[in-house]
Engineer: 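Can you keep this structure in mind? I'll have questions shortly.
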Amino acid sequence: MSISCNVCCKEFGEPLYESLNDHSFTTMNKSASTRTRVYLCLGCGHLQSGELPNLKEYYAHEYEVNLSNEDADQIYAVVDGRTVFRADHQAAVLLSKVAWFPGCRVRDYGCAKAQTLKKVLSEHPEIDAFLFDVTDKYIPFWNRFPRQPSWSVHQPDPAWFGTLDIVLSFFALEHVSDLHATLDSIKSLLKPGGLFYFVVPDVYSNIADFIVADHINHFSSGSLHALLEGQGFVHIDVDAVAHNSAFVVTAHLPIGTDVEEEARDLKVEDTFSAAREMAHFWRDAPRRIEEFEKTKKATDVIAIYGAGFYGNLIASLLTDTESITCFIDQNPHLQGSELWGKKVFSPDNLPQNVTHVLVGLNPAKAHTIIESITSWHDRALSYTYLQIGGHSA
Ligand SMILES: [Zn+2]
């Protein structure tokens with residue numbers, strides 16, 4: 001069966017990248033028995049992965065975004081030792097980009113716990129919140145909103161159609177295969193002139209996104225414009241800076257006075273070369289770990305920096321995971337837990353006997369992060385990075 005682009009419908013040829021084996025990771029850091037294949041669209045520059053074989057079951061049972069604890073959330077950044085969590089940053093960006101007004105009707109689409117909208121509501125109690133998700137397991141969280149929101153599960157409430165000022169979506173569209181049906185449904189909810197505000201991963205600034213098994217879509221600025229223009233949105237803005245490793249996108253439904261914007265140069269050729277470099281990186285990374293294992297000294301005591309995606313991936317690539325003493329992570333919610341049967345420590349608590357660190361971090365930032373750990377400066381540590389040279393341009 002041929003596969004075609006979720007954005008522009010052009011048929012794909014051979015995959016740009018194919019994993020060596022049937023072992024891949026999801027964003028939940030669980031392994032999935034599937035071969036990863038990533039396709040590059042020569043029409044719009046979209047990158048697209050094959051779907052997980054049991055996608056419905058995966059979302060029903062495995063995909064749980066921080067259900068365990070109301071405050072647990074993925075780490076966004078650690079700035080001067082202070083942890084900034086993702087929902088806080090998302091709310092700050094959203095608050096800065098939208099002109100809020102009393103009675104503004106806002107829906108969070110596929111919202112899970114809707115933590116971002118909850119934070120906005122605490123600043124702007126005068127807005128009306130509408131929540132929607134495909135499962136009912138988040139209702140207990142919605143019940144704890146500062147002001148009772150409207151919600152529906154499985155299907156949006158028909159009474160919402162054509163009435164909303166803003167539809168929000170955070171990290172959802174990368175999971176969606178039928179993008180055009182989803183955008184049709186979002187458009188049907190918005191008023192003329194209404195705003196669709198969404199955030200999706202930017203694979204070009206976090207290369208891990210290229211191979212996560214449950215992300216079907218890996219958008220580029222070009223493929224986002226192609227998608228939204230194709231759907232009739234106007235005043236499209238793709239911001240690659242406001243949120244680390246993500247695109248913050250705003251687009252409006254046209255109103256009577258809006259003229260159609262001129263088609264812009266989407267620079268798909270630049271996307272092609274960046275996509276090919278990413279495929280090369282992921283073909284090369286397993287060889288870097290193999291090389292490390294061949295040349296490591298018997299006396300080396302090894303730690304993996306990173307208890308997230310990259311650290312997990314490195315552990316999975318090792319033939320001898322017993323040689324790992326511990327994991328290191330800045331995220332206080334991961335410290336003290338175990339991964340691969342090994343404890344996770346903070347950088348400052350790196351055991352004294354560790355001599356070598358396998359760096360499981362976004363290669364674009366890995367050197368900067370390691371160099372910023374002052375308590376390691378006087379230690380005789382050696383490092384293996386996933387990328388030769390490490391510094392990306
Ligand atoms: Zn395409």
Side-chain angles (χ1 to χ4, degrees), residues 1-19 24 27 34-52 55 109-110 169 171-187 196-240 245-254 260-283:
M1 196 184 74
S2 67
I3 304 178
S4 56
C5 174
N6 290 339
V7 171
C8 75
C9 305
K10 192 178 166 75
E11 241 174 61
F12 292 126
E14 290 298 303
L16 173 67
Y17 167 83
E18 188 163 354
S19 58
S24 52
T27 40
T34 182
R35 188 155 300 211
T36 307
R37 290 186 182 87
V38 183
Y39 299 85
L40 172 64
C41 177
L42 298 177
C44 71
H46 192 53
L47 281 167
Q48 191 170 311
S49 299
E51 288 182 28
L52 282 175
L55 202 63
Y109 179 94
S169 161
F171 297 101
L173 292 187
E174 66 274 23
H175 298 277
V176 171
S177 55
D178 198 344
L179 287 171
H180 289 283
T182 301
L183 285 184
D184 281 341
S185 123
I186 286 164
K187 286 194 305 189
F196 180 33
Y197 178 110
F198 65 97
V199 184
V200 287
D202 174 4
V203 66
Y204 297 91
S205 60
N206 185 8
I207 202 168
D209 193 73
F210 190 87
I211 56 160
V212 286
D214 52 332
H215 287 185
I216 299 164
N217 299 305
H218 315 279
F219 295 98
S220 62
S221 177
S223 72
L224 285 164
H225 277 282
L227 176 68
L228 293 163
E229 281 167 17
Q231 279 281 341
F233 281 94
V234 294
H235 311 308
I236 300 160
D237 183 64
V238 177
D239 182 344
S245 310
F247 293 116
V248 179
V249 187
T250 50
H252 292 262
L253 275 192
E260 212 167 290
E261 286 165 58
E262 252 179 67
R264 66 199 83 207
D265 177 12
L266 299 176
K267 298 196 170 69
V268 277
E269 278 77 17
D270 296 353
T271 310
F272 295 165
S273 56
R276 290 186 179 114
E277 276 173 34
M278 288 194 282
H280 174 76
F281 171 85
W282 283 120
R283 278 190 291 269

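These values consider heavy atoms only, across backbone and side chains, with no hydrogens, waters or symmetry-generated copies. Ligands are counted one by one from 1 in listed order, and the atoms in each one are counted from 1 as well. Bear in mind the structure is a predicted one, so any value in this text is a computation, not a measurement.
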Engineer: I'd like to know whether the aromatic ring centres of His218 and His46 sit less than 6.0 Å apart in this structure.
Structural biologist: no

Engineer: Tell me every residue that passes ring-ring contact (aromatic ring centres under 6.0 Å, His included) with Phe281, counting only those two or more places apart in sequence or in another chain.
Structural biologist: none

Engineer: Pick from Phe196, Phe198, Tyr197: which one makes a side chain to side chain contact (heavy atoms under 4.5 Å, CB included) with Thr250?
Structural biologist: Tyr197

Engineer: Can you name the residues that form a ring-ring contact (aromatic ring centres under 6.0 Å, His included) with Tyr39, not counting sequence neighbours?
Structural biologist: Phe12

Engineer: Could you pull out the N/O/S protein atoms under 2.8 Å of the Zn ion (ligand 1), ignoring any water?
Structural biologist: Cys5 SG, Cys8 SG, Cys41 SG, Cys44 SG

Engineer: Does the ring center of Phe219 lie less than 6.0 Å from the ring center of Phe247?
Structural biologist: no

Engineer: In chain order, what residues pass the side chain to side chain donor-acceptor pair (under 3.5 Å) check against Asn206, with sequence neighbours excluded?
Structural biologist: Tyr310

